[in-house]
Asker: 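Let me begin by handing over the structure; questions about it come next.
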Amino acid sequence: MTLRIPPIQCLVTFEALARLRSVTLAAEELCVTPSAVSHRVRQLEQILGTKLFGRADFSLTTDGSEYLAHVREGLAVLSRFPSTQAAGGRRKLRVAVTPTFARSILIPRLRQFLEAYPEIDLALQVSIPLLDVVAEDADLMVRFGTGRYADVEHVRLIDDVVTPLASPAYLREHGPFDTPEDLQRAALLRSPLDPWRTWFAAHGLDWPEPADGSSFNDIGLTCDAAAQGLGVALVRLKLGAPWLDNGSLERIFPDAVPSPHAHHLCWRTGAMDRWECAAFAEWLQKSLG
């Protein structure tokens, strides 16, 4: 029989909250956020299968009082061996992400997760599943596609819309582009991740997918190329936000078209039994909500 021992951070947080009876004070003492305190206590209760606190004033249940005595006894023993306590309870979490999702969506929010869950060592790996570039042995995966995945469980994270973008210099030199038909005289940058036929069909243009010109298998590279004045890129607005915000790319038309694909968080069956996987999934969905 395999014993599931709670992470040391959960035990320390439980003891502090039971003693101080305040999430804020416990967070200050432990140098973490209040949300981290709440999560650790919930995690501990899930592992134990019982409620430790009974009311909003953080008074202990009968099980909580009994468990607190054992926790304090155990912490007293561990305090005599600092190296054991420092090494205990850390969890490694490997997340495979598409490159531009990582740059535009995840990295700007990542500090929130790391502050809330300092006991998790997060490793990000690059993956482009739509093009069969898949990171090996990831615990969680962010995929961009239709969502019809038979090999994994998944949840939809974000939808997006696409619209043509170009650099200010390119627009000055080759514009103006007043109607979608004007794109016929533009250099259209290509990507299998966002084919132009989505835009063409939405505007009633019976044009074939461009067969000539530069092609990129990463949206970030496509944006970088467009920012350098190489042509017009069809870009998802949420992923293209950094380039729009810094002014290196501009929208050509005011309207946008729903992308046929979306980002999904995927995992193999059983992964969510691990608290670090569940914590990341919950945090990511709330962060993007």
Side-chain angles (χ1 to χ4, degrees), residues 3-49 51-53 58 60 64 67-68 70-97 101-127 135 137-142 155 157 265 267 271-289:
L3 296 178
R4 188 179 183 188
I5 301 174
I8 190 68
Q9 286 85 353
C10 292
L11 301 178
V12 171
T13 301
F14 167 59
E15 191 283 328
L17 187 56
R19 172 168 39 85
L20 299 171
R21 298 182 71 163
S22 166
V23 170
T24 301
L25 293 177
E28 291 177 355
E29 178 176 297
L30 299 172
C31 298
V32 298
T33 62
S35 63
V37 171
S38 300
H39 172 76
R40 290 175 181 181
V41 172
R42 288 197 305 270
Q43 177 188 336
L44 182 59
E45 289 178 332
Q46 291 172 358
I47 292 173
L48 299 175
K51 295 289 291 183
L52 298 173
F53 295 98
F58 299 107
L60 293 166
Y67 192 65
L68 178 61
H70 294 299
V71 168
R72 284 176 171 166
E73 179 181 357
L75 291 177
V77 173
L78 289 175
S79 66
R80 296 196 291 271
F81 300 93
S83 60
T84 302
Q85 184 173 347
R90 297 201 65 80
R91 299 296 181 95
K92 295 187 181 299
L93 177 63
R94 296 164 299 183
V95 180
V97 292
F101 179 92
R103 177 195 292 186
S104 300
I105 305 295
L106 183 56
I107 296 298
R109 296 170 168 81
L110 199 56
R111 182 174 179 177
Q112 303 168 15
F113 177 78
L114 298 177
E115 289 180 348
Y117 303 100
E119 63 269 48
I120 296 178
D121 290 330
L122 182 65
L124 295 184
Q125 307 172 22
V126 172
S127 176
D137 300 324
D139 303 307
L140 300 173
M141 300 151 281
V142 174
V155 62
L157 288 176
L265 182 66
W267 62 92
M272 287 304 168
D273 292 338
R274 296 170 48 194
W275 71 264
E276 60 269 27
C277 293
F280 184 87
E282 179 185 9
W283 168 80
L284 185 58
Q285 290 178 78
K286 287 182 178 179
S287 178
L288 298 177

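We're numbering straight along the sequence, starting at 1. Model, not experiment: these values are computed from the prediction.
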Asker: Just wondering, do Phe113 and Leu284 contact through their side chains at under 4.5 Å, heavy atoms?
Answerer: no
Asker: Tell me the closest heavy-atom pair linking Ala116 and Ala36, and the distance in Å.
Answerer: O-CB, 2.9 Å
Asker: Hey, could you give me the CG/CZ distance between Leu52 and Phe14, rounded to the nearest 0.5 Å?
Answerer: 4.5 Å
Asker: Output, in order, the C-alpha distance, side-chain angles, deciding distance and verdict of side-chain contact (heavy atoms from CB on, under 4.5 Å) for Met272 and Leu140.
Answerer: CA-CA 9 Å; Met272 287 304 168; Leu140 300 173; 3.7 Å; yes
Asker: Restricting to non-hydrogen atoms, name the atom on Val97 and the atom on Ala102 that form the minimum distance, rounded to 0.1 Å.
Answerer: CG2-CB, 3.6 Å
Asker: What's the separation between atom CG in Leu75 and atom CG in Leu11, rounded to the nearest 0.5 Å?
Answerer: 6.0 Å
Asker: In sequence, state the C-alpha distance, the side-chain angles, and the governing distance for Arg109 and Leu288, and then conclude on side-chain contact (heavy atoms from CB on, under 4.5 Å).
Answerer: CA-CA 9 Å; Arg109 296 170 168 81; Leu288 298 177; 3.8 Å; yes
Asker: Measure the spacing between CG of Leu60 and CZ of Arg21 and express it to the nearest 0.5 Å.
Answerer: 7.5 Å
Asker: Rounded to the nearest 0.5 Å, what's the gap from CG on Leu122 to CD on Glu276? Could you check?
Answerer: 11.0 Å
Asker: Measure across Cys277 and Asp139 and return the closest heavy-atom pair with its distance rounded to 0.1 Å.
Answerer: SG-CB, 4.0 Å
Asker: Do the charged groups of Arg19 and Glu29 touch, with an N to O distance under 4.0 Å?
Answerer: yes
Asker: Examine Phe280 together with Tyr117 and report whether their ring centres are nearer than 6.0 Å.
Answerer: no
Asker: Could you grab the distance from atom CD of Glu282 to atom CG of Leu265, nearest 0.5 Å is fine?
Answerer: 12.5 Å
Asker: Strictly below 4.0 Å, N to O, side chains only: are Glu15 and Arg72 in salt-bridge contact?
Answerer: yes
Asker: Which atom pair, heavy atoms only, marks the closest approach of Pro7 to Trp275?
Answerer: CG-NE1, 3.7 Å
Asker: Less than 4.0 angstrom from a charged side-chain N to a carboxylate O is my criterion; do Arg40 and Glu119 meet it?
Answerer: yes
Asker: The test is side-chain contact (heavy atoms from CB on, under 4.5 Å); show your working for His39 and Trp283 and say whether it passes.
Answerer: CA-CA 11 Å; His39 172 76; Trp283 168 80; over 6 Å; no
Asker: Closest heavy-atom contact between Leu17 and Val23?
Answerer: CD1-N, 3.7 Å
Asker: How many angstroms lie between atom CG of Leu106 and atom CG of Leu124, to the nearest 0.5 angstrom?
Answerer: 5.5 Å
Asker: Is Gln9 close to Val12 at the side-chain level, that is, under 4.5 Å between some pair of heavy atoms?
Answerer: no
Asker: Look at the rings of Phe58 and Phe53 and say which category their plane angle falls in: under 30° parallel, 30 to 60° tilted, over 60° perpendicular.
Answerer: perpendicular
Asker: Which is it for Phe101 and Leu157 under the side-chain contact (heavy atoms from CB on, under 4.5 Å) test, yes or no, and what are the steps along the way?
Answerer: CA-CA 11 Å; Phe101 179 92; Leu157 288 176; 4.3 Å; yes
Asker: With a 4.5 Å limit on heavy-atom distance, are the side chains of Val155 and Gln285 in contact?
Answerer: yes
